Asker: 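Can you read through this structure? Questions will come right after.
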Amino acid sequence: MEFLEKIQQAGVVGAGGAGFPTHVKLKARARWLILNAAECEPLIETDKFLCRNFADRIVAAAAVTAAHLGAEHTVIAIKGKYEAEIRALQAAIDAAGQSIEICKMSTFYPAGDEQTMVQWVTGRSVPERGLPLDVEAVVDNVGTMLTIYDAITEGSGVSMKYLSVVGEVPHPVMIHAPIGTPITQCIAAAKPLLKEYAVIVGGPMMGKVLADPQQIQQAVVTKTTGNLLVLPRDHYLITRAGRPMERLALQAKTACIQCRMCTDLCPRFQIGHDVQPHLVMRNLYREQQTENSEEWVRAFGSAANCCSCGICEMFACPMGLSPRKVNEYIKGRMRERGIQVPRNQHPEARDSLNLRRVPTERLIARLDLSRYDGLHASDDCLEIHPDRIFVPFSQHIGKPAQPVCKVGDTVQKGQLVAAAAADGLSANIHCGVHGVVTELTDGGIWIAAKEG
Ligand code: SF4
Ligand code: SF4
């Protein structure tokens, strides 16, 4: 079986982002293969753990992927302060005799943003709303590399996931769980310090906030879950996430002092994209009255280039306003109105780029997370054996997978249980336990695990 076919069969998707199917991303030729090991968001431990413990597999998968792409440069981009991880990766590179460069980044947020990373490594800015491939680069997370390794060496489908549990736990822990495991079971294994808690699935800047106990009970580990941040329910990050859009809009109209800190610290603005949240905030008062599409683009078009990194609202704004959420709202309105915003295909980084990086430690302090920082996960990893899993059909960008099993079927660990949709972007889904299918819903498959 060919390289891409093995990856497609295994249902490999981007482990560090939104779950773009990897066999589609790698259907390309590129000069640069960049492995993202920067662990973009504060507190997360997963990529560091993978680099320390599976460096040889990551390097082996990188070599095969680079050969497939015809890449002239293979680079692992990682924060320079991750010394143990760099040592492990360098030892694996030397042992394999591969020509892979380790690029040491400074400790800022969002170092792991794909476009920020491409600019740092290659010196070229990706076009607005473009892809790294537009500047001859492919970026893959180290977790994705590990699943590529399993796919090409053992033919294994993606059915298990490594993730960290951090925050209100005695120590950050690493978890290895079947996809579909309830997140409450992962948190219980980490011995949470609170009986009642909220969870951010992912990192504190871009993760999904779950404050409602029912939502927390229903959430499961998916192919893209890399971290669970356990927090008190009244933590700033949780209460802030619950503010309704009407209130945020009213605050924007009445309290924005037009200091433009949101724009000046915006990482996409700094790599040359037209992202100017201060202008969107200034114009918000006339959103309802503006009918003309060209006028809309002039007043609000820059919101289209926002990547929702959150720097503007979680770090930059001295007034505690929410330019990110306003941009997201405006993007929705532009979709409704069918407004197309022109794209700059040749952006160039601004001279101020290196002066406007947001140091991760200062960001952590601003987010009121300092007490959880610096407590690294050990290399022990807790294996989770759930009694029951729920495997969602949609864990990737594109169309949901279609079930290929029925209620009452016995399924084996690693077995295909939902096949990629026949047309369009989609991905196969495999089972992480031995068990019996107990229920099929519109959203996924319930499987009761059996011993053995
Ligand atoms: S969230 Fe804010 S800082 Fe981030 S890209 Fe959007 S406007 Fe820029
Ligand atoms: S940083 Fe805040 S106050 Fe300043 S321009 Fe942006 S939204 Fe307005």
Side-chain angles (χ1 to χ4, degrees), residues 17-18 38 40-42 108-120 125-132 200 202-209 237 240-241 243 245-287 297 299-335 341 343-344 347 349-350 352-360 362-363 366-367:
C40 188
E41 291 240 24
F108 68 94
Y109 176 82
D113 166 54
E114 200 169 71
Q115 302 204 4
T116 298
M117 181 170 276
V118 168
Q119 204 286 329
W120 179 289
S125 292
V126 175
E128 289 174 355
R129 281 161 279 148
L131 296 170
I200 300 182
M205 293 293 280
M206 298 183 73
K208 184 174 181 193
V209 174
L237 291 176
R240 179 166 184 146
R243 293 181 194 168
M245 188 59 218
E246 298 74 34
R247 186 168 147 202
L248 301 180
L250 193 63
Q251 287 175 336
K253 290 174 201 167
T254 54
C256 175
I257 56 173
Q258 284 296 291
C259 65
R260 61 167 287 157
M261 287 297 285
C262 48
T263 296
D264 286 341
L265 290 183
C266 170
R268 292 292 170 98
F269 175 78
Q270 289 297 339
I271 63 168
H273 291 189
D274 177 27
V275 191
Q276 302 197 60
H278 76 287
L279 290 184
V280 176
M281 298 293 271
R282 182 196 295 170
N283 288 316
L284 193 61
Y285 78 95
R286 61 192 179 101
E287 179 230 331
V297 170
F300 303 111
S302 78
N305 297 320
C306 168
C307 68
S308 292
C309 72
I311 282 188
C312 50
E313 67 183 34
M314 308 305 275
F315 187 84
C317 182
M319 303 301 287
L321 305 179
S322 300
R324 164 174 58 178
K325 294 252 175 59
V326 170
N327 274 350
E328 287 168 355
Y329 164 76
I330 288 290
K331 280 200 261 190
R333 294 281 290 129
M334 286 197 286
R335 274 194 298 275
V341 180
R343 295 198 303 144
N344 179 359
R350 292 169 208 276
S352 52
L353 172 67
N354 287 321
L355 302 172
R356 300 290 188 181
R357 308 261 195 218
V358 170
T360 305
R362 284 181 53 198
L363 177 65
R366 188 71 65 88
L367 299 177

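These numbers come from the heavy atoms of this one structure, side chains and all, not from hydrogens, waters or symmetry mates. We count ligands from 1, going down the list as the structure has it; atoms in each ligand are counted the same way. All values reported here derive from a predicted model rather than from experimental measurement.
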Asker: May I ask you to list the atoms of ligand 2 that are less than 4.0 angstrom from any heavy atom of R260?
Answerer: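 What qualifies from ligand 2 is 4 (Fe), 5 (S).
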Asker: Testing the 3.5 Å rule here: is there a donor-acceptor pair between the side chains of N283 and R286?
Answerer: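 Yes, because at least one side-chain N or O of N283 sits under 3.5 Å from a partner of the opposite role on R286.
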Asker: Does the pair R240 and M314 meet the rule for a side chain to side chain contact (heavy atoms under 4.5 Å, CB included), with working shown?
Answerer: CA-CA 10 Å; R240 179 166 184 146; M314 308 305 275; 4.1 Å; yes
Asker: Can you sort out which atoms of ligand 2 are near M319, meaning under 4.0 Å from one of its heavy atoms?
Answerer: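 The list of qualifying atoms is 3 (S).
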Asker: Which protein N, O or S atoms does atom 8 (Fe) of ligand 1 have within a distance shorter than 2.8 Å?
Answerer: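 As for protein N, O or S atoms lying under 2.8 Å from atom 8 (Fe) of ligand 1, they are C266 SG.
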Asker: Run the numbers on C309 and M205 for side chain to side chain contact (heavy atoms under 4.5 Å, CB included), then give the verdict.
Answerer: CA-CA 7 Å; C309 72; M205 293 293 280; over 6 Å; no
Asker: Is it true that, when you exclude R362 itself, more than 12 heavy atoms of the residues, nucleotides or ligands shown sit nearer than 6.0 Å to its CZ?
Answerer: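 Atom CZ in R362 is not packed in, count stays at 12 or less.
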Asker: Atoms of ligand 2 less than 4.0 Å from P318 heavy atoms?
Answerer: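 In order of number, 1 (S).
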Asker: Distance under 4.0 Å to a non-hydrogen atom of H278: what atoms of ligand 2 satisfy this?
Answerer: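 What qualifies from ligand 2 is 5 (S).
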Asker: Do S308 and E328 have a side chain donor and acceptor closer than 3.5 Å?
Answerer: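 Distance-only check passes for S308 and E328.
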Asker: Taking only heavy atoms of Q258 into account, list the atoms of ligand 2 that are under 4.0 Å away from them.
Answerer: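 It comes down to these atoms of ligand 2: 5 (S), 8 (Fe).
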Asker: How far does CG of N305 sit from CZ of R268, to the nearest 0.5 angstrom?
Answerer: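 Reported to 0.5 Å precision, the distance equals 8.5 Å.
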Asker: Would F269 and R356 count as a side chain to side chain contact (heavy atoms under 4.5 Å, CB included) if you check the C-alpha gap in whole Å, the side-chain angles of each, and the deciding distance to 0.1 Å?
Answerer: CA-CA 10 Å; F269 175 78; R356 300 290 188 181; over 6 Å; no
Asker: Under 4.0 Å from any heavy atom of M281, which atoms of ligand 2 are there?
Answerer: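 Contacts of ligand 2 toward M281, numbered from 1: 7 (S).
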Asker: Return the residue, atom name and 0.1 Å-rounded distance of the protein heavy atom closest to atom 2 (Fe) of ligand 2.
Answerer: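 Scanning the protein heavy atoms, the shortest distance from atom 2 (Fe) of ligand 2 goes to C317 SG, 2.4 Å.
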Asker: Using the side-chain hydrogen bond (donor to acceptor under 3.5 Å, both in side chains) rule, collect all pairs that involve residues 254-265, keeping only residues at least two apart or in two chains.
Answerer: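 Those involving residues 254-265 are Q258-R282, R260-D264, T263-H278.
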